[in-house]
Amino acid sequence: MEELDLLKKAWQKDNHSFEQVTEKDIYKMIHKRSTSIVKWIFYISLLELGFGFILNIVMSFTKYDTESLELLKKWNLYNYYIGLSIIVYVVVFYFIYRFYKMYKSISVVDNTKNLLSTILKTRKVVKQYVIFNLITFALIFAVIFSYGFYYGYMDIMIKKGVVHPEISAKAICVSLLIITLITSFVTFLFWLFYRLLYGILLRRLNRNYSELKKIDL
Amino acid sequence: MSETLEQSFVKQLKQNQNIVHKICRLYTTDSDAHNDLFQEITIQLWKAFPKFRGESKFSTWAYRVALNTAITLYRKNSRAVNTVTYEAQKHFFVQDEYNLEEEERIKLMYQAVQQLNDIEKALVFMYLEDKDYTEIAETLGISEVNARVKMNRIKGKLVKILNP
């Protein structure tokens with residue numbers, strides 16, 4: 001192709017049309033912060049990894065937390081709560097460790113395909129973490145809601161003077177349906193938010209990665 | 001120690017800055033974005049520099065990091081409008097020995113190259129820099145045969161852009 005070779009000739013000769021940066025400029029530049037997409041992903045991921053953690057710690061100092069613990073004890077859920085908390089913390093630390101390992105392996109001197117793949121895999125770790133969180137959240141939400149509903153109903157009935165209150169099968173079915181719907185809806189909202197956030201953030205990476213994969217097909 | 005490292009980096013980058021400028025010009029459409037990308041590439045180069053052992057030439061190492069930054073790490077400024085009316089471009093290939101007609105053809109070709117996607121641009125960049133296919137393939141992480149095939153396809157695509 002003649003045109004491309006013309007361009008090539010011009011390209012290789014052309015070395016002086018750029019405004020040259022000075023050594024002073026370069027010194028200044030290397031002391032600035034990177035605004036790369038990996039930095040963004042890192043900070044957002046840190047927020048995600050840390051959010052539940054920090055929320056938990058903050059909450060444990062509030063009156064609200066003591067009250068809900070009392071409630072859990074009353075509902076005989078306290079042991080499950082402790083068990084679940086331990087599992088959640090272990091999993092969170094596991095995810096943080098994996099994220100850190102992956103993040104460290106991102107290397108700009110790698111070949112482009114590997115670099116893209118490592119970045120996307122790092123994101124995947126956080127994505128799995130978010131999915132884990134959403135499932136745990138949905139589970140806890142549904143259980144607490146069900147128990148709250150059940151005990152609340154019983155309390156009202158006892159106050160009304162019913163000696164042995166019972167919930168009809170129909171009421172249980174309806175309330176379960178409502179709880180499932182609300183839980184799914186809230187979870188769906190979170191999921192949508194993530195899709196949007198990372199859809200925008202990773203669009204270019206995904207596009208370039210699939211372009212590279214296509215070349216080797 | 002770190003002082004000399006910094007000095008040696010700054011000196012080498014200053015000498016080889018045209019490589020970075022060429023990549024910036026290929027991947028951006030205005031001078032603000034050009035400077036932005038230049039800055040980001042400089043940071044990435046500097047971060048990676050302690051591991052640079054001088055096994056390859058500084059320039060070879062630098063264009064790899066620079067390309068990777070342009071393709072994967074750099075966040076395009078969404079405000080930048082995708083036009084090829086790049087102010088600096090007017091002066092780009094203006095050199096005395098070209099005749100006007102040739103100059104025009106080169107300019108059109110360059111504009112066509114700017115319409116390619118990120119990966120295609122990377123291939124064309126290395127082609128223009130006269131890299132062999134082994135190096136192109138290695139840099140992008142694809143096979144050599146497929147790098148050749150892709151380059152031929154890109155040439156076809158460029159013909160189509162030039163003769164719609």
Side-chain angles (χ1 to χ4, degrees), chain A residues 1-40 106-120 200-201 204-205 207-217, chain B residues 6 9-11 13-14 17-18 21-22 25 38-40 42-44 46-48 51 61 64-65 67-69 71-76 88 91-95 98 102 105-106 108-110 113 117-119 122 124 127-130 138-143 146-147 149-150 155 158-159 162:
Chain A
M1 199 189 173
E2 206 191 333
E3 258 88 0
L4 197 60
D5 290 327
L6 274 179
L7 177 62
K8 190 171 178 173
K9 237 176 23 192
W11 180 271
Q12 287 180 354
K13 272 185 196 153
D14 178 67
N15 273 320
H16 306 288
S17 72
F18 298 103
E19 207 178 299
Q20 299 290 294
V21 295
T22 62
E23 290 195 7
K24 218 170 126 198
D25 293 333
I26 299 175
Y27 273 116
K28 251 190 254 162
M29 282 185 206
I30 60 180
H31 290 113
K32 282 196 179 147
R33 274 168 172 272
S34 159
T35 54
S36 80
I37 193 128
V38 171
K39 267 278 139 66
W40 275 86
I106 297 175
S107 162
V108 74
V109 286
D110 216 335
N111 71 50
T112 312
K113 199 176 177 185
N114 278 347
L115 174 64
L116 281 166
S117 146
T118 322
I119 297 172
L120 292 172
I200 295 165
L201 210 59
R204 186 147 167 262
L205 292 183
R207 196 181 53 213
N208 285 340
Y209 187 56
S210 65
E211 173 78 18
L212 274 174
K213 273 203 305 200
K214 234 170 43 197
I215 295 177
D216 263 345
L217 270 187
Chain B
E6 201 171 272
F9 173 77
V10 170
K11 219 175 84 198
L13 178 58
K14 187 175 169 274
Q17 62 175 288
N18 282 329
H21 279 306
K22 281 175 175 174
R25 178 165 286 167
F38 192 97
Q39 154 100 52
E40 186 60 40
T42 304
I43 294 173
Q44 296 299 335
W46 171 237
K47 279 204 311 201
K51 282 192 190 138
W61 173 81
R64 187 177 196 148
V65 173
L67 264 187
N68 270 340
T69 306
I71 295 174
T72 65
L73 304 180
Y74 177 60
R75 280 181 72 252
K76 259 188 194 150
H91 316 287
F92 192 4
F93 298 115
V94 184
Q95 279 163 30
Y98 294 119
E102 203 168 83
R105 277 162 74 195
I106 292 171
L108 283 174
M109 186 67 214
Y110 188 72
V113 169
N117 69 36
D118 291 345
I119 304 296
V124 170
Y127 178 85
L128 293 176
E129 285 287 313
D130 211 20
E138 210 184 289
T139 305
L140 291 175
I142 56 180
S143 78
N146 289 330
V149 173
K150 184 66 184 176
K155 284 181 186 170
L158 287 170
V159 171
L162 287 173

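Just the heavy atoms: all of them, side chains too, but no hydrogens, waters or symmetry mates, feed the values below. Letters A, B, ... are given to chains in the order of the sequence lines, protein chains preceding strands, and every chain is numbered from 1.
- Neither the backbone nor the side chain of A:Asp25 comes within contact range of chain B; no heavy atom of the residue lies under 4.5 Å from a heavy atom of that chain.
- Heavy-atom distances place the side chain of A:Leu205, and not its backbone, under 4.5 Å from chain B.
- Residue A:Leu115 touches chain B through its side chain alone, counting heavy-atom pairs closer than 4.5 Å.
- The shortest heavy-atom contact between A:Lys32 and B:Ile43 is O-CD1, 3.5 Å.
- Smallest separation of non-hydrogen atoms from A:Val108 and B:Asn68: O-ND2, 2.8 Å.
- The heavy-atom pair separating A:Asn111 from B:Glu138 by the smallest distance is CB-O, 3.1 Å.
- Put simply, the side chain of A:Thr112 never gets that close to the backbone of B:Gly141: no donor and acceptor are under 3.5 Å apart.
- Taking all atoms of both residues into account, the shortest heavy-atom contact from A:Glu3 to B:Met109 is CB-SD, 3.5 Å.
- For a residue to count as touching a neighbouring chain, one of its non-hydrogen atoms must lie under 4.5 Å from one of that chain's; by this rule B:Val113 touches chain A with the side chain only.
- Of all the listed residues (A:Val38, A:Asn114, A:Leu116, A:Ile106), the one sharing the greatest number of non-hydrogen pairs under 4.5 Å with chain B is A:Leu116.
- Once rounded to the nearest 0.5 Å, the distance linking CD of A:Glu19 with NE2 of B:His21 reads 8.0 Å.
- Between A:Val109 and B:Lys51, every side-chain heavy-atom pair lies at or beyond the 4.5 Å cut-off.
- Heavy atoms closer than 4.5 Å to chain A are found in both the backbone and the side chain of B:Gln44.
- Separating the CG atom in B:Asn146 from the CG atom in A:Asp216 is a distance of 4.5 Å, to the nearest 0.5 Å.
- The CG atom of B:Leu73 sits 10.0 Å away from the OG1 atom of A:Thr35 when rounded to the nearest 0.5 Å.
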>> side chain to side chain contact (heavy atoms under 4.5 Å, CB included) for B:Asn117 and A:Glu211? Distances and angles first, verdict last.
In response: CA-CA 9 Å; B:Asn117 69 36; A:Glu211 173 78 18; 3.3 Å; yes
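- In terms of heavy-atom pairs under 4.5 angstrom with chain B, the leader among A:Lys113, A:Met29, A:Lys28, A:Lys213 is A:Met29.
- A:Ile119 touches chain B through its side chain: at least one heavy atom from C-beta onward sits under 4.5 Å away, while N, CA, C and O do not.
- Counting only heavy atoms from C-beta outward, the side chains of B:Trp46 and A:Ile26 never approach each other to under 4.5 Å.
- Taking A:Lys39 as the reference, A:Ser34, A:Ser36, A:Tyr43, A:Tyr103, B:Lys47 meet the side chain to side chain contact (heavy atoms under 4.5 Å, CB included) condition, with sequence neighbours excluded.
- Residues A:Arg204 and B:Asp118 come closest through the heavy atom pair NE-OD2, 2.8 Å.
- With sequence neighbours left out, B:Glu129 forms a salt bridge (Lys or Arg N to Asp or Glu O under 4.0 Å) with B:Lys22.
- Interface residue B:Lys14: backbone and side-chain heavy atoms are both found under 4.5 Å from chain A.
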> Would A:Leu7 and B:Leu128 satisfy side chain to side chain contact (heavy atoms under 4.5 Å, CB included), going step by step from the backbone distance to the final call?
Replying inline: CA-CA 8 Å; A:Leu7 177 62; B:Leu128 293 176; 4.0 Å; yes
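- Rounded to the nearest 0.5 angstrom, B:Ile119 CD1 and A:Asn208 CG are separated by 4.0 Å.
- Chosen from B:Leu13, B:Asp130, B:Leu67, the residue pairing most often with chain A at heavy-atom distances under 4.5 Å is B:Asp130.
- Few gaps surround NZ on A:Lys8; more than 12 heavy atoms of other groups in view lie less than 6.0 Å from it.
- At a threshold of 4.5 Å between non-hydrogen side-chain atoms, the residues B:Thr72 and A:Ile37 do not count as touching.
- Residues A:Asp5 and B:Tyr127 have side chains in contact (heavy-atom distance under 4.5 Å, counting atoms from C-beta outward).
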